[in-house]
Each structure stands twice: as structure tokens, then as C-alpha cells.
Amino acid sequence: MKRTKIQQNKIKEDKNDKMEMMISDERPKLNLKSLRSRNIETVYNICSQVTVSSKKSRDIQKEIKRKIHVKRENEVKKLKSNMNPGKWKIKTIVDMQMMKAELSQLEDPPMTLWEKKLSSNRLLYEFFNTPCEDLAQKLLGKVLVRYLENGTILKGRIVETEGYLGTVDKASHSYQNKITPRNLPMYMPPGTIYVYMTYGMYHCFNISSQGDGCAVLVRAVDPLEGMEHMADQRNILKTRKVDLKQHELCNGPSKLCMAYQINKQHSRYSVCTWKSLWIEDDNVSNAIKIVKSTRIGIDSCGLEWANKPLRYYVYGNKSVSKRDKKAEAQIF
């Protein structure tokens, strides 16, 4: 018996339905519990990896800190070997070989015949190669000469000095072997110029002497030549010009540097060789009387060193910055 088309189509649809049912049965069913457990496991694994990495970073940081601590301990041990016995004050350690270049004097000697003739009466190294206290007194009465680039010549008689005795002197910049880029000239050969700033704006002019870290501060000069130029330099920073008397031009360490145009750039030159600054002897110093007094402005260094008579000046000279009448009475 022949099947009709409708029956055939129905049979086909039944077969398709059965196939779909079989396929759906073959597909795996979603298990929410298994998915949750898998997610938890992955999160746990990630967290464990993070904790491991954080532990590693902590261990690395601990190792770095330990190395830094060991390094500091070694540095302290080295520093302790440079301490004074009984005094827990660490001195400055300086590699002198590395600073050899820094310890050399600057060179700018007279080159022309005029420059050589002009400075032919300068005092040489032998004069400055003497103990600090002696040099401070020997400088009194000598003539400080400045030769400027424009050809101007300044002259003045040194009438006041102070001695700074280096490593033992509490008022000295080189106390306890202190070495800095600023005070290096104090350790250079006698006759080296050392210029430093005070109060951040004023300069002071020093000359090194015999002995480590020893130097003489030139406090005052009695002008002899070039007074007009000195007065102009003293008034250059003032809004209102003041008529200064001759003895007021260089009657103090900073006033002297302003009048002579001396600044920090002139440190490390030598008065024995530099073409722009030197000291002469006109044989007048034999007739002067020297007053020994205490230094000025060092009270903070303690009574012992503040009371030492390491300031020297020419008795009766008006250019002296400050008189000491008690000390003057002792010279008669």
C-alpha cells in the first residue's frame, strides 16, 4: 500500500525530532557547583602566586637593608680609627692623593718686563716660611701691593694682623685637621692666599704660614697709593656715597678686601709669585711698636682661645680697626 506525501513528511519530522533528542542527551549538562569550585581554585592559585612574589620582594628588600647596614657598620669602624682617644668626635677623612691637584697653587706669574720690574721688590717664600705667630708680627709695617688689570696700582702698609694656629686653634677653620674645599689654601705652602666669606657678603684676606692649617689674617692696612680708587670701591655698593677719610678706607678685614678688590677667586694664588698681589719691604717696620691683644669676634670658641694674645697691631696708627688700651699700657 502506497504512502501518501503527507504521511511521508510526518515520518521525516518524527525522525528529525528523535535525532535532536539524541543530540541533546549527548550534550554535557552544566554543573554550577563544579564551575564555582574551579573559579575558587583559580583565584586561590592567583593569590598564592601573589603571596609568593610578595614574599620574594620582601626577602629582596631585607637583603638590601642588611647589606646597607653592614656597609654602615664597616664605615663606622673605619671612622672610629680616626677618632681622638677619649673624644667621640669624628674627624674629616680626606684622600690626599685625590686632592693632590686641588692642593696645587694657581699660577699667573709676571710675564712682561714691566710686570717683572714692578714686582721686583716682592718678599719671597723664605719670608713666609716661618711660624704663624712670627709671620703675623713680621708682616706689620710691610707694604701690600695690588696691581689691577687696568694698570691701577694700590699700596698700603699692613698695620694689623691676627694669627690662627691651625689644628690646635679652636678659632681656626682648620681646627682638628678639618679640611674642606674652602680652607685648602691653609694647608698649602707658606705665602698662599686664602680668601673666605663672612656673613655671606664680606671677604677676609689671609696668608698661609709654616705649619699645617696655619694662616695669618690681614685685618687692616694704612693706604699709601691709589686712595681715590679705594674710595670708589668702598662706595660702589652704596646708594649714597660717603666721604671716607684716608684711615677709614682699609681699617678692617672686609673694608680692605673691598678697597683692594680681593675676593674668593684669588684663593690659592701665592703672594710669592702672583703678578697681581704681593708684599714689599720698605724698611720702615724696624721703627714700629707692636701691641699684642686678643682676637676679635671669636668669643664662641671659648675663653681659652678667645683670651690668647694673637692679634697684633702697630701702636698709634689710625687705620687699626680696634685699639686695646690695656694691652697698649703693657708695651711701656
Side-chain angles (χ1 to χ4, degrees), residues 106 132 136 139-140 144-146 148-149 152 154-164 169-175 178 180-186 188 192-209 213-223 226-269 271 274 276-277 279 293-301 305-306 310-314 317-324:
L106 298 177
C132 185
L139 283 171
L140 295 176
L144 181 66
V145 184
R146 179 83 162 98
L148 301 173
E149 291 182 2
T152 303
L154 310 175
K155 288 186 179 184
R157 194 175 307 283
I158 299 172
V159 295
E160 186 180 358
T161 59
E162 284 181 353
Y164 288 86
D169 188 347
K170 287 187 177 180
S172 176
H173 290 172
S174 57
Y175 177 56
K178 183 180 179 182
T180 64
R182 182 183 75 162
N183 73 355
L184 274 176
M186 299 182 79
M188 292 185 186
T192 305
I193 296 169
Y194 170 42
V195 182
Y196 66 88
M197 285 194 79
T198 180
Y199 302 113
M201 59 187 298
Y202 299 116
H203 292 93
C204 293
F205 166 61
N206 303 259
I207 302 171
S208 68
S209 66
C214 297
V216 176
L217 169 66
V218 181
R219 282 194 59 89
V221 164
D222 187 11
M227 279 79 83
E228 290 183 7
H229 183 85
M230 293 181 189
D232 290 339
Q233 290 302 311
R234 285 292 313 279
N235 283 312
I236 200 167
L237 296 176
K238 294 180 180 179
T239 54
R240 183 182 176 185
K241 290 189 177 182
V242 180
D243 291 330
L244 296 168
K245 296 178 181 178
Q246 182 173 325
H247 69 271
E248 294 174 329
L249 293 173
C250 303
N251 61 336
S254 299
K255 296 174 184 178
L256 159 64
C257 287
M258 282 189 277
Y260 268 71
Q261 292 182 243
I262 298 173
N263 56 54
K264 286 197 299 183
Q265 293 179 352
H266 303 140
S267 279
R268 292 174 56 194
Y269 284 102
V271 290
W274 191 30
S276 299
L277 188 71
I279 295 173
S293 177
T294 57
R295 294 176 291 186
I296 296 172
I298 61 161
D299 294 337
S300 60
C301 298
W305 287 95
L310 294 172
R311 181 168 74 100
Y312 312 94
Y313 65 86
V314 176
N317 193 284
K318 288 184 177 181
S319 293
V320 173
S321 63
K322 187 178 180 180
R323 290 178 59 191
D324 186 339

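A heavy-atom distance below 4.5 Å is found between the side chains of Ile279 and Ile158. Contact check for Arg311 versus Asp324: side-chain heavy atoms found under the 4.5 Å cut-off. When side chains are defined from C-beta on, Leu148 counts as touching Arg146, because their heavy atoms get closer than 4.5 Å. Taking 4.5 Å as the limit, every side-chain heavy atom of Ser208 sits out of range of all side-chain heavy atoms of Met186. The shortest side-chain heavy-atom distance between Tyr202 and Lys255 does not fall under the 4.5 Å cut-off. Side-chain contact between Leu277 and Leu144 is present, with at least one heavy-atom pair separated by less than 4.5 Å. At a threshold of 4.5 Å between non-hydrogen side-chain atoms, the residues Gln261 and His229 count as touching. The side-chain heavy atoms of Leu140 and Tyr312, taken from C-beta on, include a pair separated by under 4.5 Å.
Panel note: side chain Gln246, backbone Pro223; a donor-acceptor pair is recorded below 3.5 Å. Within the 3.5 Å criterion, the main-chain N or O of Lys178 finds a donor-acceptor partner in the side chain of Asn183. Not a single donor-acceptor pair under 3.5 Å links the side chain of Thr192 to the backbone N or O of Arg268. One N or O on the side chain of Asn206 and one on the backbone of Tyr194 form a donor-acceptor pair closer than 3.5 Å. Checked by atom type and distance alone, the side chain of Asp169 never pairs as donor or acceptor with a backbone atom of Tyr175 at under 3.5 Å. In this structure, the side chain of Arg219 does not engage the main chain of Ile296 through any donor-acceptor pair within 3.5 Å.
The shortest non-hydrogen separation linking Met197 to Gly200 is CE-O, 3.2 Å. For the residue pair Ser172 and Gly213, the shortest heavy atom distance occurs at OG-O, 3.8 Å. Across all non-hydrogen atoms, the minimal contact from Ala220 to Gly252 is CB-N, 4.1 Å. The nearest pair of heavy atoms linking Tyr260 to Gly156 is OH-N, 2.8 Å. Thr198 and Cys204 make their closest contact through CG2-SG, 3.9 Å (heavy atoms, listed as atom of the first residue, atom of the second, distance). Taking every heavy atom of both residues into account, Ile193 and Pro185 meet most closely at O-CB, 3.5 Å.
To the nearest 0.5 Å, atom OH of residue Tyr164 and atom OG of residue Ser174 are 11.5 Å apart. In this structure, OG1 on Thr161 lies 6.5 Å from CG on Leu139, to the nearest 0.5 angstrom. Here Glu228 contributes atom CD and Leu154 contributes atom CG; the two are 11.5 Å apart, rounded to the nearest 0.5 Å. Atoms OH and NZ, from Tyr313 and Lys322 in turn, are 10.5 Å apart once rounded to the nearest 0.5 Å. To the nearest 0.5 Å, atom CD of residue Gln233 and atom CE of residue Met258 are 10.0 Å apart. One distance of note links CZ of Phe205 with OG of Ser267; it measures 10.0 Å at 0.5 Å rounding.
Checked for salt-bridge contact, Glu162 and Arg295 miss the test: no charged N lies under 4.0 Å from a carboxylate O.
Ring geometry, Tyr196 versus His173: the interplanar angle exceeds 60°, so the pair is classed perpendicular (tilted spans 30 to 60°).
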Ser319 vs Val221, side-chain contact (heavy atoms from CB on, under 4.5 Å): CA-CA, chis, key distance, verdict
CA-CA 6 Å; Ser319 293; Val221 164; over 6 Å; no
